[in-house]
A.B. asks: 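Below you'll find the structure I mean.
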Amino acid sequence: MAPHLTVCEFYSGIGGYHLALSSIPNLSFTVTAAFEISSNANLFYRHNFPGTKVLETNLCGLTAQKLDNIVRKGTELSSNNVTLSSNQDKLPSNSNTSPSYATSHSNSATSHEPATLFVMSPPCQPFTRQGCKKDHTDPRSESVLHLFDIFPDLQTTPDYFFIENVQGFESSVTRDIVMKFFQTHGYHVLEFLLNSNSLGIPNSRLRYYLLARKRPFSEDFTNQGILSTIPGYISPESPTPPLSTFLEKDPSGFDLSDTFLAKWGWVLDIVTPDSRRSCCFTKGYSVKAEGSGSVIQQTPDISEQTYTANSGETDIISSEQTEAISGEQTESHASSDNISLSEQSANRDQCFVSHGKPQPNNSRSLSNSRLEGEEFVSHMKSLKLRYFTPREIARIHGIPEWVGFPPGLTNKQLYKLLGNGLNVTVVMMLIERVLLS
């Protein structure tokens with residue numbers, strides 16, 4: 001049986017770890033505190049988990065003594081029979097109302113042997129091209145380095161750790177510092193580079209995961225380096241579901257403007273409701289055109305197309321041609337938020353950029369194209385392109401339907417929060433199938 005977990009969420013965001021834990025059947029846990037510096041993220045978290053203590057603080061000011069007190073109080077709270085069966089008490093899928101979540105979640109079938117789990121998604125910019133890959137010298141790495149500096153001073157080090165970040169973290173000095181802590185204190189560690197599209201999710205989101213615990217992992221997991229799959233995971237017999245499974249019915253206010261199409265239409269990644277893939281949604285979605293996520297074509301019965309900017313031709317392309325087109329994308333056209341250059345390349349291996357590819361001279365001009373100006377915009381308008389809604393992205397990221405969006409947050413703010421968040425389904429699978437197995 002899994003132990004009762006006292007959980008501390010560092011860099012908690014909108015509560016992705018809390019949601020993942022809540023999705024695991026028969027798991028007993030207490031989120032004793034969530035640490036996050038973003039006011040909007042904390043507003044979202046408190047809206048859905050009003051019983052959890054959310055601390056809007058700079059982690060560099062946290063001491064081992066303060067953290068010991070937080071963990072101790074959480075352990076005491078978990079002994080008070082305040083329970084809610086995780087996964088068994090989900091609201092109907094058409095409900096947007098949050099349940100009355102208590103801080104402690106449990107099920108009578110679960111052992112209450114105490115254990116501690118620290119989960120975190122440290123700032124990823126120090127490990128991305130846009131963040132200049134400053135790694136441990138980046139001021140944004142200061143807080144995670146501080147945490148692993150104080151963890152040895154805790155009265156008892158945690159039984160489990162779960163760390164998520166972007167591809168690039170695995171080759172960083174910061175990771176080496178973290179690993180030194182685990183090696184010194186006798187932890188067993190597994191590392192993964194997993195793309196959500198390999199787990200039956202129609203979205204490319206490549207992320208690094210580190211799982212550490214004091215007891216050994218199964219031999220199935222060890223001595224394999226950085227894993228790209230979950231050992232023992234068997235793909236379901238049914239194929240990856242189409243995007244239509246996640247879409248709202250006729251949302252309004254999400255159409256792309258003519259001005260935007262004229263300037264950026266040729267770099268958009270376009271998918272249809274029948275597509276079984278989409279590109280990674282980042283915090284820049286709806287603000288940046290390229291590398292921030294797919295847009296959806298609402299015109300029925302039109303195949304996915306690519307507009308070749310240097311010839312002006314519109315060609316129907318097969319999935320086999322996708323990788324060849326994607327490979328022609330150059331580094332100068334990579335502009336994603338919060339993802340590494342290597343991940344951008346991986347995204348393009350999975351997603352072709354519809355309606356455009358860079359000219360040989362990397363010019364963005366369409367002056368040599370047969371479709372120009374109003375004609376090009378008219379062509380793009382015929383596709384009836386729109387953004388995915390925040391609710392649709394939340395569904396793709398595995399966020400349950402009962403999770404509510406706080407009043408007052410704009411779509412732009414929601415896109416940023418969701419783009420900075422976790423894929424709840426992937427995290428849930430790793431915790432249930434590997435970390436606690």
Side-chain angles (χ1 to χ4, degrees), residues 10-11 13 16-17 59 118-148 161-183 189-199 201 203-212 224-230 269 279-285 288 290-293 326-327 329-351 353 397 416 418-423 426-427 430 434:
F10 302 94
Y11 315 99
Y17 286 110
L59 288 169
F118 284 4
V119 296
M120 63 183 71
S121 296
C124 59
Q125 295 91 339
F127 317 105
T128 65
R129 184 182 64 87
Q130 281 204 329
C132 299
K133 294 190 175 182
K134 292 182 179 180
D135 196 355
H136 63 297
T137 64
D138 192 308
R140 288 167 292 194
S141 290
E142 184 179 355
S143 59
V144 69
L145 295 176
H146 172 74
L147 287 177
F148 280 89
F161 277 89
F162 191 109
I163 302 174
E164 181 263 3
N165 216 283
V166 296
Q167 184 183 29
F169 185 90
E170 77 282 1
S171 57
S172 68
V173 174
T174 302
R175 178 263 185 192
D176 293 342
I177 294 171
V178 169
M179 286 295 291
K180 185 176 181 180
F181 165 82
F182 291 133
Q183 292 164 0
V189 177
L190 292 177
E191 295 176 282
F192 295 81
L193 276 172
L194 289 179
N195 200 324
S196 53
N197 60 18
S198 68
L199 299 171
I201 300 167
N203 181 247
S204 177
R205 195 173 186 85
L206 181 63
R207 289 294 182 268
Y208 168 84
Y209 302 94
L210 184 153
L211 285 62
Q224 298 188 45
I226 296 179
L227 300 167
S228 59
T229 60
I230 300 177
D269 180 72
C279 282
C280 181
F281 296 105
T282 76
K283 71 173 186 179
Y285 191 63
K288 294 187 177 181
E290 190 173 7
S292 64
S326 302
Q329 302 300 318
T330 63
E331 181 174 329
S332 63
H333 288 79
S335 58
S336 299
D337 290 307
N338 284 355
I339 57 176
S340 64
L341 180 61
S342 52
E343 182 183 352
Q344 293 167 20
S345 299
N347 284 344
R348 283 170 175 147
D349 284 341
Q350 301 294 332
C351 306
V353 179
H397 285 182
K416 183 174 182 179
L418 292 166
N420 281 336
L422 304 164
N423 188 294
V426 176
V427 172
L430 284 170
V434 182

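Values in this document were obtained by computation on a predicted structure and should not be read as measured data.
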A.B. asks: Can you tell me how far the CG atom of L430 sits from the CG atom of L422, to the nearest 0.5 Å?
C.D. replies: 11.0 Å

A.B. asks: M120 versus V144: any side-chain heavy-atom pair under 4.5 Å?
C.D. replies: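 With C-beta onward as the side chain, the pair touches.
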
A.B. asks: Would you compute the distance between atom CD of E191 and atom CE of M179 and round it to the nearest 0.5 angstrom?
C.D. replies: 5.0 Å

A.B. asks: Do the side chain of S196 and the main chain of N203 share a donor and acceptor less than 3.5 angstrom apart?
C.D. replies: yes

A.B. asks: For a quick test of reading the model, state the closest non-hydrogen atom pair linking I230 to F192 and the distance between them.
C.D. replies: CA-CE2, 4.3 Å

A.B. asks: Is a side-chain N or O of E142 found less than 3.5 angstrom from the main chain of R140, in a donor-acceptor match?
C.D. replies: no

A.B. asks: If every non-hydrogen atom of L193 is compared with every non-hydrogen atom of I226, which pair is closest and at what distance?
C.D. replies: N-CG2, 3.7 Å

A.B. asks: If only atom types and distance count, is the side chain of N423 paired as donor or acceptor with the main-chain N or O of V426 below 3.5 Å?
C.D. replies: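 It does hold such a pair.
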
A.B. asks: Show the nearest heavy-atom pair for residues F127 and S141, with the distance to one decimal.
C.D. replies: CZ-OG, 4.0 Å

A.B. asks: Going by the rule salt bridge (charged side-chain N to carboxylate O under 4.0 Å, His left out), which residues pair with D176 if we only count those two or more places apart in sequence or in a different chain?
C.D. replies: none

A.B. asks: Using side-chain hydrogen bond (donor to acceptor under 3.5 Å, both in side chains) as the criterion, list what pairs up with Y209, not counting sequence neighbours.
C.D. replies: none

A.B. asks: Salt bridge (charged side-chain N to carboxylate O under 4.0 Å, His left out) for E164 and R207? Distances and angles first, verdict last.
C.D. replies: CA-CA 7 Å; E164 181 263 3; R207 289 294 182 268; 3.6 Å; yes

A.B. asks: A side-chain contact here means heavy atoms from C-beta on lying under 4.5 Å apart; do L210 and E170 qualify?
C.D. replies: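 In short, these two side chains do not touch, never coming nearer than 4.5 Å.
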
A.B. asks: Kindly compute the distance separating CD (Q167) from CG (L206), expressed to the nearest 0.5 Å.
C.D. replies: 4.5 Å

A.B. asks: Aromatic ring centroids of F162 and F10 under 6.0 Å?
C.D. replies: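 No, ring centres 6.0 Å or more apart.
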
A.B. asks: How far does CG of N195 sit from OG1 of T229, to the nearest 0.5 angstrom?
C.D. replies: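 One gets 12.5 Å once the value is rounded to the nearest 0.5 Å.
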
A.B. asks: Check whether any side-chain heavy atom of S143 lies under 4.5 Å from a side-chain heavy atom of Y11, and answer yes or no.
C.D. replies: yes

A.B. asks: Which atoms form the tightest heavy-atom contact between I163 and P122, and what is the distance?
C.D. replies: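 Here I163 and P122 meet closest at CG2-CD, 4.1 Å.
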
A.B. asks: Quick one: side-chain hydrogen bond (donor to acceptor under 3.5 Å, both in side chains) partners of T174, sequence neighbours excluded?
C.D. replies: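 In terms of side-chain hydrogen bond (donor to acceptor under 3.5 Å, both in side chains), with neighbours along the sequence ignored, T174 is linked to D135.
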
A.B. asks: Atom OH in Y285, atom SG in C279: separation rounded to 0.5 Å?
C.D. replies: 10.5 Å

A.B. asks: Check whether any side-chain N or O of Y17 sits under 3.5 Å from a backbone N or O of V427 as a donor-acceptor pair, and report yes or no.
C.D. replies: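 It does not hold such a pair.
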
A.B. asks: Do L145 and I177 have side chains that approach each other closer than 4.5 Å (heavy atoms only, starting at C-beta)?
C.D. replies: yes

A.B. asks: Which atom pair, heavy atoms only, marks the closest approach of F169 to R175?
C.D. replies: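 Shortest heavy-atom contact: O-CB, 3.1 Å.
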
A.B. asks: H136 vs D138, test: side chain to side chain contact (heavy atoms under 4.5 Å, CB included). Steps then yes/no.
C.D. replies: CA-CA 5 Å; H136 63 297; D138 192 308; over 6 Å; no

A.B. asks: Please find the pair of heavy atoms, one from A212 and one from F182, that lie closest to each other, and give the distance.
C.D. replies: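 Heavy atoms only, the tightest pair is CB-CE2, 3.7 Å.
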
A.B. asks: Rounded to the nearest 0.5 Å, what's the gap from OH on Y208 to OG on S172? Could you check?
C.D. replies: 7.5 Å

A.B. asks: For a 4.5 angstrom cut-off between non-hydrogen side-chain atoms, does P126 reach K134?
C.D. replies: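 Contact flag for P126/K134 side chains = no.
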
